[in-house]
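Here is the structure we will look at.
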Amino acid sequence: MKKHNFSAGPAILPAVVLEQAAQAAADFNGMGLSILEISHRSPEFSAVLDEAHGLVRELLNLDESYEAIFLQGGASSQFFMTAMNLLDENSKAAYVDTGTWSAKAIKEAELFGGIEIIASSKDKNYSYIPKEYSVSKDTAYLHITSNNTIFGTQYDTFPDIEVPLVADMSSDIFSRPIDASRFGLIYAGAQKNMGPAGAVLVIVKKSMLDKVNRTIPTMLNYQTHIKKGSAFNTPPVFPIYVSMLTMRWVKENGGVEGMQKHNETKAALIYGEIDRNPMFRGTVIDPVDRSKMNVTFIMAEGKEDLEGQFMEMCNEANCVGVKGHRSVGGFRASIYNAMPLESVQVLVDVMKRFEEKYG
Ligand SMILES: *Cc1c(COP(=O)(O)O)cnc(C)c1O
């Protein structure tokens, strides 16, 4: 029996995408060859790359001033690659610290330019999104983490500032419409909401590039990959293919507007239960900051020693991956695009039965 997969990442993919991926691994488009054993420069794979790039542009409504590329090295390599390509000793960038991933991005960016942490929610274990700050005009960019996978917070609206935004959207890319024109650069590791591990998507406004006084190694220069359409060297063929299939699925299911509606319905169902059920409480202070991708919650006060019993009931109901990250504790239900409403309902029913049994 297929389980209800609430894992934070690598994470759930649409069932139909997994079937198509399995088919392509056996025989790609009736070629008599697996997609895993054909040239990345074959016409068949070039068509995949073209479609993948095209779908990114279409889903996010990107105009000609933007480029989209697929790279390797995960979102973690983008922590330094962004700064290496966009900053030098004569420029500075501002960062908002909203948790583990932001902190890692800050640490790496500091190797390449002046970094100012203009706001942080560290004082309350990253349980909110800071909102009151300003950025001086001579800042190259403001870096944010749009969805904090570990702490369960998400920007509901993006900072209203004059400098370009650089955003780590690893865990909420394609989950809702965005106004791309406010972003100078967006990056997203595939394995949360877009596909399997092994590829990272980078969207960059061309005018952001070629401004730094630094020689950048060929493989780490965005221009290298832009000029060669993500195929300067052998790209991660299978992760790009499966990401393309997932983007097709997003398009067929109402695009990012459709995803947003579906994600809001799922989030309302589970947060409603967390708020109603006296056995649990949410970890995010202001409801507006609650992530619609990663729902974090803990046992209500005095019930902490029942954690194991709840996990056991989740497992019995085939709900897996509900355990919280060690830095928050408790539980985390990741309800990415591919998560069906029915699976969220199964988890909510477990929460209700848990209350009946132990409440
Ligand atoms: C998972 C995650 C990362 C790290 O991604 P890798 O691909 O493992 O390097 C970075 N940022 C966010 C927001 C994440 O959720």
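For ligands, and for the atoms within them, numbers begin at 1 and follow the listed sequence.
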**OP:** Before signing off on this row, confirm whether Thr149 and ligand 1 have an N or O atom pair separated by under 3.5 Å.
**Re:** yes
Subject >> Ser170 and ligand 1 - part of the residue with a heavy-atom distance under 4.0 Å >> reply: side chain
Original post:
Quick one: OG1 on Thr265 to NZ on Lys292, what's the gap to the nearest 0.5 Å?
Top reply: 11.0 Å
Subject >> Gly74: numbered ligand 1 atoms lying under 4.0 Å from its heavy atoms >> reply: 7 (O), 9 (O)
Original post:
Salt bridge or not for Arg353 and Asp349, using N-O below 4.0 Å?
Top reply: no
Subject >> Per atom 10 (C) of ligand 1, closest listed option by heavy atom (Thr100, Asn147, Asp168) >> reply: Asp168
**OP:** List every atom of ligand 1 that sits less than 4.0 Å from any heavy atom of Lys192, numbering the atoms from 1 in the order shown and giving each element.
**Re:** 1 (C), 2 (C), 3 (C), 14 (C), 15 (O)
Subject >> Where ligand 1 meets Ala75 - atom numbers and elements under 4.0 angstrom, heavy-atom basis >> reply: 3 (C), 4 (C), 5 (O), 6 (P), 7 (O), 9 (O), 10 (C)
Original post:
Which atoms of ligand 1 sit under 4.0 Å from any heavy atom of Phe79?
Top reply: 10 (C)
Original post:
When rounded to the nearest 0.5 angstrom, what is the spacing between NZ in Lys323 and SG in Cys314?
Top reply: 11.0 Å
Subject >> Side chain, backbone, both or neither: the part of Tyr187 lying under 4.0 Å from ligand 1 by heavy atom >> reply: neither
Subject >> Per-residue contact class, Gln191 against ligand 1 - non-hydrogen pairs under 4.0 Å >> reply: side chain
